[in-house]
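The next block holds one structure in the form of structure tokens; read it before the comments.
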Number of protein chains: 2
Amino acid sequence: MDEKQGKTSKINLSEVARAAGVSKMTASRVLRGDGGYSKKTEAKVMAKADQLGYLPNRLASVFAGDQNSTFVGVSIPDLGNEVFAQVLEGIDRKLGSFGHQTVLGLTQHAAQEEENWIRTVLSWQPAGLILTGRSHSPRSHDMLRNAGIPVVEIWDLNSSPLDMSVGINHFDCGFDVGRFLIGRGYRALGFVGTSHDTANAASARLDGFTKAVQDGGGRVMKQLCLHDTASYYPGFYGTEQLLASDGAVECIFYQNDSMAFGGLQYCEQKGLDVPGDMGIAGWGDLAIASVLKKRMTSVHVSHLKLGQAAAEMMIARLSGEPVAACRDIGFHLIPGATVRPVVL
Amino acid sequence: MDEKQGKTSKINLSEVARAAGVSKMTASRVLRGDGGYSKKTEAKVMAKADQLGYLPNRLASVFAGDQNSTFVGVSIPDLGNEVFAQVLEGIDRKLGSFGHQTVLGLTQHAAQEEENWIRTVLSWQPAGLILTGRSHSPRSHDMLRNAGIPVVEIWDLNSSPLDMSVGINHFDCGFDVGRFLIGRGYRALGFVGTSHDTANAASARLDGFTKAVQDGGGRVMKQLCLHDTASYYPGFYGTEQLLASDGAVECIFYQNDSMAFGGLQYCEQKGLDVPGDMGIAGWGDLAIASVLKKRMTSVHVSHLKLGQAAAEMMIARLSGEPVAACRDIGFHLIPGATVRPVVL
DNA sequence: TTGAAAGCGATACCAA
DNA sequence: TTGGTATCGCTTTCAA
């Protein structure tokens, strides 16, 4: 049980070749399906490889071939936020179907964490990197430039990308929601989100939202929870705090549907009718929305598709196909029934 | 832009050594902090490495050093199920803090997917593997045995592990829930889950549940949705189907809280009072439970901790420390208010 | 404290 | 259709 596993037992190319009575090179060609060998040789080599349970050492082949690996480093802020879990799922499935592997990095929204992870993952000669967000440390920039591999920044399209970018314009998205709510007659608006990504997409949404609201003669009271992930409870708690500090708020826009649902629960438990006494708008059109009686006012974004698109751009680039630097996957507003109806 | 990135620009150990005026070996020792060199040499080498932006090629060093890499392959069924997202988060954070990297594999609950992924990931000489579930294909077993690296199977403790295992006993867990509901006077019980992992933990839970219910003189009507992930909507829809085929059911046990919440919504929308007309029990004590007015009857399991425990076992084993083959992280039942109260 | 040489497992390139 | 040899970037081993 506790034997130091000697590599002794591992079968390598030489042993397969020897067993099959051919040279290493011939065995290598057969195993890669390179062509240029007889059927008979092929059969012999394949049989022996199978019989010996040969597994190629990709470390060696990448190393020898002067290629990069099939790894793709993927950085994600956190998985407690359903949105990012979906993005990751989209990325990994697509990458997997093209023979690539995801090397995961959870950065906790911290540029320093990301930098450390980038340093490490680059040392494994990845084929490319997919990074969430556009704020990277200066050293990260240096390393990425130096590495000379494809980089896809996802999530926020605002950035002039390092290399490639896919996502949506969060400012516009927030703006649309703001204008929509102004159109429904709201003037005293609230925003509830988390504080950790002030430099990121959620805050771009907030900026766009604020702009539209102010343009429409309204005002925005914001509440950023210190909580670490944008989930149900911070939404619940943030709503309580917001209403405590500004009782006049008529409608709240949340960082995502999970937080919005937390807010909805808060209202219900306090006897506030939605949308009668309080309007609620979420973001992301998450899974939970599909079972609620009242359609949640939200913004639909296909996070799975976003992830897939990122993986596709990466793969296209790696195959040398031309790839647009930016891809907007779009969004659309879901009017829903958690805000008051159009006034006729 | 489209330049085939030649490796030309990449700085390697030789160049650092040359710039510092020492041999490759000396540079190597300094950069690894191996000891056995003068302060002056150290300073020189470090300065040059920094200045040239040297990043070691870990592929080469693993290869040369005849060690395994710092990769740990982690297979997860899917990330649409919040439970697994939490597990993954726990694993990756803990692994990361010990200088290991997660290579992700989403298996979609399919043994064949898992087998393919295992084959690929093993070819990268990972330090170890963490696999969700205990059902692996025969070939997977062969490969794992042959690889001679630590393997942690998570999730289901029932298994006699390949190597190490961490999780809970799902049969016991289901049994406890069954006995609890029998104790609350229910006899016509339902189970709503997904059909994809009949060979896995959720079905062990169902078996335990059924046993306890039958022991108590009750019966279980089960409904397994074909849906691919155990989330809100399958819970909603599964409830509808279950009640359509057996209107006598008084209380439903769900595969997890997300599904249970879907069921709760179904009941509310059909005017069924919970727990007056229908009892509901979930599993996992997921994030959503924290904002519901009525405490959900559920089973608390710390998924984050489960992930961390798996990573800890892996790391301990890799450091040569003795590790117990099995670790039970436990669970406890949350009585909640979505089932009828104790009859006095 | 330092360095030279061998070699890890595979592939590229050239020769037969 | 096959095989020999150099090589990738680094570490191990041994000698200085």
Side-chain angles (χ1 to χ4, degrees), chain A residues 5-46 48-49 52-70 122-126 147, chain B residues 4-46 48-49 52-70 120 122-126 147:
Chain A
Q5 92 268 4
K7 286 219 167 177
T8 10
S9 65
K10 274 195 188 160
I11 305 300
N12 63 23
L13 184 62
S14 296
E15 307 193 38
V16 174
R18 186 147 37 82
V22 298
S23 73
K24 271 169 38 172
M25 267 321 299
T26 301
S28 172
R29 281 191 275 250
V30 170
L31 290 164
R32 276 175 301 142
D34 223 17
Y37 40 75
S38 67
K39 281 256 179 267
K40 222 176 99 186
T41 308
E42 176 175 8
K44 256 190 321 194
V45 172
M46 292 308 261
K48 284 298 174 190
L52 295 171
Y54 170 69
L55 279 184
N57 182 336
R58 298 276 281 122
L59 247 45
S61 66
V62 168
F63 185 45
D66 197 36
Q67 322 142 15
N68 280 303
S69 71
T70 51
L122 282 180
S123 73
W124 293 107
Q125 320 300 118
Chain B
K4 275 274 170 274
Q5 92 268 7
K7 286 218 167 179
T8 11
S9 65
K10 274 196 186 159
I11 305 301
N12 63 23
L13 184 61
S14 295
E15 307 193 38
V16 173
R18 185 147 37 82
V22 298
S23 72
K24 269 168 41 172
M25 266 322 298
T26 301
S28 172
R29 282 192 274 250
V30 170
L31 290 165
R32 277 175 301 143
D34 222 18
Y37 40 77
S38 66
K39 282 257 179 266
K40 220 176 102 189
T41 308
E42 175 175 8
K44 254 190 321 191
V45 172
M46 292 307 260
K48 284 299 174 190
L52 295 171
Y54 170 69
L55 279 184
N57 182 336
R58 298 274 284 120
L59 247 44
S61 65
V62 168
F63 183 46
D66 196 37
Q67 324 141 14
N68 281 301
S69 71
T70 52
T120 302
L122 282 180
S123 72
W124 293 107
Q125 320 300 119

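Per chain, numbering begins at 1; letters A, B, ... match sequence-line order. Just so we're clear, the structure is a prediction, and the values are computed from it rather than from any experiment.
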Practice problem: Examine D/dG9: is either OP1 or OP2 under 4.0 Å from a nitrogen or oxygen in the side chain of B/Tyr54? Give yes or no. | Solution: no

Quiz prompt | Spacing of A/Trp124 atom CH2 relative to D/dC10 atom C1', expressed in whole Å | solution = 12 Å

Practice problem: Could you please spell out the steps behind the side-chain contact (heavy atoms from CB on, under 4.5 Å) verdict for B/Asn57 and B/Asn12? | Solution: CA-CA 8 Å; B/Asn57 182 336; B/Asn12 63 23; over 6 Å; no

Quiz item: A/Thr70 versus A/Arg58: any side-chain heavy-atom pair under 4.5 Å?
Solution: yes

Quiz item: Hey, does the side chain of B/Arg32 come within less than 4.0 Å of D/dG9's phosphate (OP1/OP2), counting only N and O?
Solution: no

Exercise. Mind listing the closest non-hydrogen atom pair of B/Gln125 and A/Leu59 along with its distance?
Key: CG-CD2, 3.6 Å

Quiz item: Sequence neighbours excluded, which residues qualify as side chain to side chain contact (heavy atoms under 4.5 Å, CB included) partners of B/Ala20?
Solution: B/Val22, B/Val45, B/Lys48

Quiz item: Within the pair B/Thr26 and C/dT2, is there a side-chain N or O less than 4.0 Å away from OP1 or OP2?
Solution: no

Quiz item: So which pairs with a foot in residues 34-45 of chain A pass salt bridge (charged side-chain N to carboxylate O under 4.0 Å, His left out), sequence neighbours left out?
Solution: A/Arg32-A/Asp34

Practice problem: Just jot down the side chain to side chain contact (heavy atoms under 4.5 Å, CB included) partners of B/Thr120, sequence neighbours excluded, or say none. | Solution: A/Gln101, B/Trp124

Quiz item: Out of curiosity, B/Leu31 CG to B/Ser61 OG, how far, rounded to the nearest 0.5 Å?
Solution: 11.5 Å

Practice problem: Quickly work out the A/Asp34 CG to C/dT11 C1' distance and round it to whole Å. | Solution: 9 Å

Practice problem: May I have the distance from B/Arg58 (atom CZ) to D/dT11 (atom C1'), rounded to whole angstrom? | Solution: 12 Å

What are the atom names and distances for every N/O pair under 3.5 Å that joins the protein to nucleotides 4-8 of chain C?
residue, atom, partner, partner atom, Å
C/dC8, O2, B/Ala64, N, 3.4

Practice problem: Give the minimum heavy-atom separation between A/Leu52 and A/Ala19, together with the two atoms involved. | Solution: CD1-CB, 4.1 Å

Self-check item: Residue list, side-chain hydrogen bond (donor to acceptor under 3.5 Å, both in side chains) with A/Ser69, at least two apart or on another chain
Solution: none

Quiz item: Under a 4.0 Å heavy-atom cut-off, which of residues 37-45 of chain A touch DNA chain D?
Solution: A/Tyr37, A/Ser38, A/Thr41

Quiz item: In whole angstrom, what separates B/Glu15's CD from D/dG9's C1'?
Solution: 11 Å

Quiz item: By side-chain hydrogen bond (donor to acceptor under 3.5 Å, both in side chains), which residues pair with A/Ser123, not counting sequence neighbours?
Solution: none

Quiz item: To the nearest 10 degrees, how far apart in direction are the end axes of the helix from C/dT1-D/dA16 to C/dA16-D/dT1, each fit to five base pairs?
Solution: 30°

Quiz prompt | Pairing residues for A/Ser14 by the side-chain hydrogen bond (donor to acceptor under 3.5 Å, both in side chains) criterion, not counting sequence neighbours | solution = none

